[in-house]
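Here is the structure we will look at.
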Amino acid sequence: MIIAIDGPAASGKGTLAKRLAAHYGLPHLDTGLLYRAVARVLMDFDHKLDDDAAAVRAAQALEPSRLDDPRLRGREMGEAASVVAAIPAVRAALTEWQRGFARRAPGAVLDGRDIGTVICPDAQVKIFVTATAEERARRRFRELAGRGETVTYETVLDDIRRRDARDSGRSAAPLAAAADARLLDTTSLDIEQAVRAAIGFVEAVRREEG
Ligand SMILES: Nc1ncnc2c1ncn2[C@@H]1O[C@H](COP(=O)(O)OP(=O)(O)O)[C@@H](O)[C@H]1O
Ligand SMILES: Nc1ccn([C@@H]2O[C@H](COP(=O)(O)OP(=O)(O)O)[C@@H](O)[C@H]2O)c(=O)n1
């Protein structure tokens, strides 16, 4: 079973993906880490983020061990990732790796922006997770502050709005719900309620498939 979870920044898709993976005994891939890691390589080697050729080389040569770099979680890396993620050849270089992960038995949970639309259009379960920008900013602010980053709520809200616009407006695999995705608005759900709703979606699909 392949479960595809997409949605904007801090909507809760990673949390849901991890919980569904644990519940169903499936491996999980946070695909945002791939784009964060490509941006990190550029920054480590003093390339500009809009150096398309360097970004494509970094994507083609990406070592899986780079995904464990704790620096990928920082605030500026989400922003940097969305810049390199808009380069079509970067996305193309990362596609096969993600599909290979999804094809492994007994299935997988992948979360990102284009899993249900581009990477795994045949996924049995597609969930598009949303929440208002203000609620997402509150969550991300709490998360970053908890990790000791000095940042204001207003800055995080600005980041989220800018990233939403860039991710939804780009021509290559823009952030969008697949036509057959189930929508899950988590604005007024806590984590446990959101997990229960997501498991409910998966179970509904399993019943439909008999
Ligand atoms: N339904 C929810 N209610 C409150 N906080 C949540 C909820 N879902 C996730 N969070 C918290 O919000 C932050 C962002 O969640 P995360 O799953 O990383 O989002 P995403 O992967 O969409 O960026 C995390 O600190 C997480 O614990
Ligand atoms: N499948 C994906 C995953 C991430 N991304 C890009 O990578 C950036 C960081 O993604 P992320 O999922 O790590 O970020 P958060 O949603 O956790 O803040 C996003 O803003 C997108 O631009 C993408 O284009 N496609």
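Indexing begins at 1, ligand by ligand and atom by atom, following the structure's order.
- Atoms of ligand 2 found under 4.0 Å from any heavy atom of Ala81 (numbered from 1 in listed order, with element): 7 (O), 8 (C), 9 (C).
- Residue Ala9 has no N or O atom closer than 3.5 Å to an N or O atom of ligand 1.
- Both the backbone and the side chain of Ile191 come within 4.0 Å of ligand 1, judged by heavy-atom distances.
- Under 4.0 angstrom from ligand 1, the non-hydrogen atoms of Arg140 all belong to its side chain.
- Taking the charged nitrogens against the carboxylate oxygens, Glu208 and Arg182 do have a contact shorter than 4.0 Å, which makes a salt bridge.
- Salt bridge status for Asp30 with Lys18: absent, with no side-chain N to carboxylate O gap under 4.0 Å.
- For atom 21 (C) of ligand 2, the closest non-hydrogen atom of the protein is Asp167 OD2, 3.4 Å.
- Looking at ligand 1, you won't find any N or O of Glu135 less than 3.5 Å from one of its N or O atoms.
- Annotation: cation-pi pair Arg104/Phe101 present, NZ/CZ under 6.0 Å from the ring centroid and within 45° of its normal.
- When each atom of ligand 2 is checked for a heavy atom of Arg140 under 4.0 Å away, the hits are 15 (P), 17 (O), 18 (O).
- Not a single heavy atom of Gly7 sits closer than 4.0 Å to an atom of ligand 1.
- When Gly146, Gly78, Ala194, Gly14 are ranked by how near their heavy atoms come to atom 21 (O) of ligand 1, first place goes to Gly14.
- Shortest contact from atom 25 (N) of ligand 2 to any protein heavy atom: Arg91 NH2, 3.0 Å.
- Close approach to Lys13 involves these atoms of ligand 2, each under 4.0 Å from a residue heavy atom: 12 (O), 15 (P), 16 (O).
- The distance criterion of under 3.5 Å between nitrogen or oxygen atoms is not met by Asp111 with respect to ligand 2.
- Ranking protein heavy atoms by distance to atom 14 (O) of ligand 2, first place goes to Arg36 NH2, 3.1 Å.
- You'll find the side chain of Arg206 reaches within 4.5 Å of the side chain of Tyr24, heavy atoms only.
- Under the 4.0 angstrom criterion for non-hydrogen atoms, Glu79 is not in contact with ligand 2.
- Of all the heavy atoms of Ala17, none lies under 4.0 Å from any atom of ligand 1, so neither backbone nor side chain is involved.
- For ligand 2, the atoms lying closer than 4.0 Å to a non-hydrogen atom of Ala85 are 6 (C), 22 (O), 24 (O).
- When only modelled atom types and interatomic distance are considered, Ser82 and Arg163 share no side-chain donor-acceptor pair under 3.5 Å.
- Contacts of Arg113 with ligand 2, taken as heavy-atom pairs under 4.0 Å, involve both backbone and side chain.
- Of the protein's non-hydrogen atoms, the one nearest atom 4 (C) of ligand 2 is Gly32 CA, 3.5 Å.
- Below 3.5 Å of separation, one finds an N or O of Ser11 facing an N or O of ligand 1.
- Every atom of ligand 2 is numbered from 1 in the order shown, and the set under 4.0 Å from a heavy atom of Ala10 is 16 (O).
- Protein heavy atom nearest atom 3 (C) of ligand 2, with residue, atom name and distance: Thr31 OG1, 3.5 Å.
- Considering each of Thr15, Asp6, Asp111, the one bringing a non-hydrogen atom nearest atom 26 (C) of ligand 1 is Thr15.
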